[in-house]
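So the structure is just underneath, and the comments pick up after that.
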Amino acid sequence: MTAMVTAEGVHKSFGPTHVLKGIDLEVAPREVFCLVGPSGSGKSTFLRCINHLEKINAGRLYVDGHLVGYRQQGNKLYELKDKEVAAQRKDIGMVFQRFNLFPHMTALENVMEAPVQVKRESKATARERAKRLLDRVGLADKASGYPTQLSGGQQQRVAIARALAMEPKLMLFDEPTSALDPELVGEVLDVMRDLAQSGMTMIVVTHEMGFAREVGDALVFMDDGAVVESGHPRDVLTNPQHQRTKAFLSKVL
């Protein structure tokens, strides 16, 4: 079975700052893969490399067996054109810390927008799916609400519905609850649990260790741009092997 995501020796630098130092990992289809670690360890940068929002400096990244952002001829890599990268991105949903909703559009219009603009879907088809997705994330009654009329948790659930509207095969979550008030975190995690149960492949950068332990299939602890430790979430969280992992978990658990 082809891995959904494969990273081979992925390096990324911003100027002199070496942010990713040779990341190797594999995410299986239907897996919930959690990335944890201190701020600045490269987790979010790695996530952005998966859909080529950031270009890697060395190594290879594959999604569903296809090289991301490049094509290979012989031993040389050639960067894909913007249009080709956009076509790859259609299969990858991304949910950011900040909800990034269009403020001038209702919840329903936010969810409809990409299928209509990118996939050239009819508005009727996109509207029906958007209604179904808002219902799925518990917001059927907020379809006509604008982002400013919604709580942070509701906005993030609309953002999840919007990513799902493109019917992706992979969902990336970049600390989706970190900008939320504590009492709103649960409603977003509930939606993510439901997604996991439906078999969606998910890579989740998170500080929610309870979610990682309960829902995650695999967990990687990153520090200083490298994978320090990996394994089943329960094993890593209850019995970390590496001193750096122990030190980090002692502060967050």
Side-chain angles (χ1 to χ4, degrees), residues 4 29-34 47-48 50-51 53 86-206 208 210-212 214-216:
M4 183 57 78
R30 304 175 70 86
E31 193 166 53
V32 179
F33 193 97
C34 298
L47 209 63
R48 292 170 68 85
I50 293 172
N51 62 1
L53 286 174
Q88 284 188 334
R89 270 198 205 121
K90 283 195 296 204
D91 290 329
I92 306 172
M94 185 147 184
V95 178
F96 299 88
Q97 285 182 36
R98 296 279 167 197
F99 328 117
N100 295 356
L101 296 176
F102 298 116
H104 61 290
M105 292 182 181
T106 64
L108 189 74
E109 288 165 345
N110 263 286
V111 179
M112 285 172 60
E113 180 72 0
V116 171
Q117 297 299 332
V118 180
K119 284 187 167 177
R120 300 282 177 249
E121 242 177 43
S122 75
K123 284 197 170 174
T125 303
R127 184 176 285 107
E128 280 313 304
R129 187 190 298 107
K131 283 180 180 169
R132 269 200 319 275
L133 287 168
L134 286 174
D135 185 40
R136 183 175 178 182
V137 300
L139 292 172
D141 59 332
K142 300 291 184 188
S144 58
Y146 288 89
T148 52
Q149 298 167 318
L150 304 175
S151 71
Q154 289 169 339
Q155 289 185 63
Q156 192 60 297
R157 284 186 281 155
V158 173
I160 293 172
R162 179 177 64 177
L164 291 173
M166 289 295 282
E167 301 182 311
K169 55 177 109 167
L170 169 67
M171 285 282 282
L172 308 176
F173 292 87
D174 188 7
E175 296 189 27
T177 58
S178 66
L180 300 178
D181 292 333
E183 70 268 23
L184 302 177
V185 167
E187 64 191 48
V188 173
L189 293 180
D190 284 344
V191 169
M192 292 169 65
R193 274 188 199 94
D194 172 61
L195 259 187
Q197 283 162 358
S198 74
M200 174 63 75
T201 310
M202 299 159 62
I203 303 180
V204 185
V205 172
T206 186
E208 300 292 337
F211 173 84
E214 179 198 339
V215 183

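It should be emphasised that the depicted structure is a prediction, and the values quoted were computed from it without experimental measurement.
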Heavy-atom side-chain proximity of Val32 to Met192 below 4.5 angstrom: no

Arg127 CZ to Leu108 CG distance, which is reported to the nearest 0.5 Å: 6.5 Å

Taking every heavy atom of Val116 against every heavy atom of Ser122, the minimum-distance pair comes out as CG2-O, 4.4 Å

Value rounded to 0.5 Å, distance of CG in Leu172 from CZ in Phe96: 9.0 Å

From CD (Gln154) to CG (Asp141), nearest 0.5 Å: 7.5 Å

Using side-chain heavy atoms (C-beta onward) and a distance below 4.5 Å, is Phe99 in contact with Leu150? no

For Lys123 and Met112, work out which heavy atoms get closest and say how close. O-CE, 3.7 Å

Close side-chain approach of Phe102 to Glu109, heavy-atom, < 4.5 Å: no

For the atom pair CG (Leu189) and CG (Leu195), what is the distance rounded to the nearest 0.5 Å? 12.0 Å

Can you name the salt bridge (charged side-chain N to carboxylate O under 4.0 Å, His left out) partners of Arg136, sequence neighbours left out? Asp194

Is it true that Arg132 and Asp135 make a salt bridge, defined as a side-chain N closer than 4.0 Å to a carboxylate O? no

For Val95 and Ala159 the tightest heavy-atom approach is CG2-O, 4.2 Å

Distance check, rounded to the nearest 0.5 Å: Gln155 atom CD versus Leu180 atom CG? 9.5 Å

For Glu121, salt bridge (charged side-chain N to carboxylate O under 4.0 Å, His left out) partners two or more places apart: Arg129

Just so I know, are the side chains of Val191 and Glu187 near enough to count as touching, which here means a heavy-atom distance under 4.5 Å? no

Leu170 and side-chain contact (heavy atoms from CB on, under 4.5 Å): which single residue from Asn51, Thr201, Asp91 fits? Thr201

Is there a side-chain contact between Met94 and Leu53, using heavy atoms and a 4.5 Å cut-off? yes

Tightest non-hydrogen contact, residues Ile92 and Ile50, listed as CD1-O, 3.8 Å

Who are the side-chain hydrogen bond (donor to acceptor under 3.5 Å, both in side chains) partners of Thr177, not counting sequence neighbours? Glu208

Side chain Lys119, main chain Met166, donor-acceptor under 3.5 Å: yes

Taking Arg157 for the side chain and Val137 for the main chain, is one N or O donor matched with an acceptor at less than 3.5 Å? yes

Looking at every heavy atom in both Leu184 and Gly153, which two are closest together, and how far apart are they? CD1-N, 3.7 Å

Are Glu113 and Arg162 close enough for a salt bridge, meaning some N to O gap below 4.0 Å? no

Distance, nearest 0.5 Å, that separates CG of Asp174 from CD1 of Ile203: 11.5 Å

Could you check if a side-chain atom of Met200 sits within less than 4.5 angstrom of a side-chain atom of Leu164, using non-hydrogen atoms only? yes

Quick check: does any side chain N or O of Gln156 sit under 3.5 Å from a backbone N or O of Pro176, one acting as donor and the other as acceptor? yes

Considering only heavy atoms from C-beta outward, does the side chain of Met4 approach that of Glu31 to under 4.5 Å? no

Provide the closest heavy-atom pair for Pro168 versus Ala163 in the form atom of the first, atom of the second, distance. CD-O, 3.4 Å

Should Val188 and Phe173 be marked as a side chain to side chain contact (heavy atoms under 4.5 Å, CB included) after you check the CA-CA gap, both sets of side-chain angles, and the distance that decides it? CA-CA 11 Å; Val188 173; Phe173 292 87; over 6 Å; no

